[in-house]
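None of the values given here were measured: they were computed from a predicted structure. In what follows, every heavy atom counts, from backbone to side chain, and hydrogens, waters and symmetry copies are set aside.
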Amino acid sequence: MGDGIYQVIYTLVQAVPFGQVATYGQIARLAGCGARQVGYAMAAVKAPDIPWHRVVNSRGAVSTRSVGAPDPEQRRRLEEEGVLFDPFGRVNLAVFQWSGPDGSWWIEKGMEPPLLMPTPSNN
DNA sequence: CTGATGACGAGCG
DNA sequence: CCGCTCGCCATCA
């Protein structure tokens, strides 16, 4: 296993609990990179132990892939975990969004929690 | 080595 | 709400 931004992203995604979701932007802030990179990282997922389906966009929707439509598999897996979708195909983030790792999680991974002060914008 | 490519999101009109 | 622009990483041919 290497080190590198993708590795950090994957480690964070693996921490998202069953039945909950995280947004690309949320993972990005935690990883200290841009939301775009998180999208790239998810597109490159190879290992089966990474719950990529629990990552949705900021509106709570399964994001559209290059084919012009979202991967039905993602929504199917989430519904299997008990995640509900509204008529617009969106998850209620107020209910299902992951709160993020607690302080000790970072220590266990030998990492440091991101600084709160600089609220990273996009990128 | 070079270049194409891919699952986002904030800000602005 | 809609439709731009821009940021700039890892992987594969």
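Taking atom OH of Tyr24(A) as the reference point, atom P of dG7(C) lies 22 Å away to the nearest angstrom. Rounded to whole Å, the distance from CG on Leu30(A) to P on dG9(B) is 14 Å. In this structure, the CZ atom of Arg36(A) is 11 Å from the C1' atom of dG9(B), given to the nearest Å. Going from atom CD of Gln37(A) over to atom P of dC9(C) covers 6 Å, rounded to whole Å. Whole-Å rounding puts the Lys46(A) NZ to dG6(B) C1' distance at 17 Å. To the nearest angstrom, C1' of dG9(B) lies 10 Å from CZ of Arg59(A). Separating the CH2 atom of Trp52(A) from the P atom of dC8(B) is a distance of 13 Å, rounded to the nearest angstrom. Atom C1' of nucleotide dC8(B) and atom CG of Leu93(A) are separated by 14 Å, given to the nearest angstrom.
Put simply, Ser58(A) has a side-chain N or O that comes within less than 4.0 Å of OP1 or OP2 on dG9(B).
A donor-acceptor pair under 3.5 Å links the side-chain atoms of Gln74(A) to the main chain of Val55(A), judged by distance alone.
dC9(C) has no base stacking with the ring of Tyr6(A) when judged by centroids under 5.5 angstrom apart and an interplanar angle below 30°.
The neighbour count for Arg59(A) CZ, taken as heavy atoms of other residues, nucleotides or ligands under 6.0 Å away, does not exceed 12.
Mapping Ala41(A) and Gly25(A) onto DNA chain B by nearest heavy atom places Ala41(A) at the nucleotide closer to the 5' end.
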Donor-acceptor list for residues 40-53 of chain A side chains, cut-off 3.5 Å, not counting sequence neighbours:
| unit_1 | atom_1 | unit_2 | atom_2 | d |
| --- | --- | --- | --- | --- |
| Tyr40(A) | OH | Arg36(A) | NE | 2.6 |
| Tyr40(A) | OH | Arg36(A) | NH2 | 3.0 |
| Asp49(A) | OD2 | Gln14(A) | NE2 | 3.0 |
| His53(A) | NE2 | Glu81(A) | OE2 | 2.9 |

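Of the candidate nucleotides dC8(B), dG6(B), dC9(C), dC8(B) has the atom nearest to the side chain of Asn57(A).
Salt bridge status for Glu80(A) with Arg77(A): absent, with no side-chain N to carboxylate O gap under 4.0 Å.
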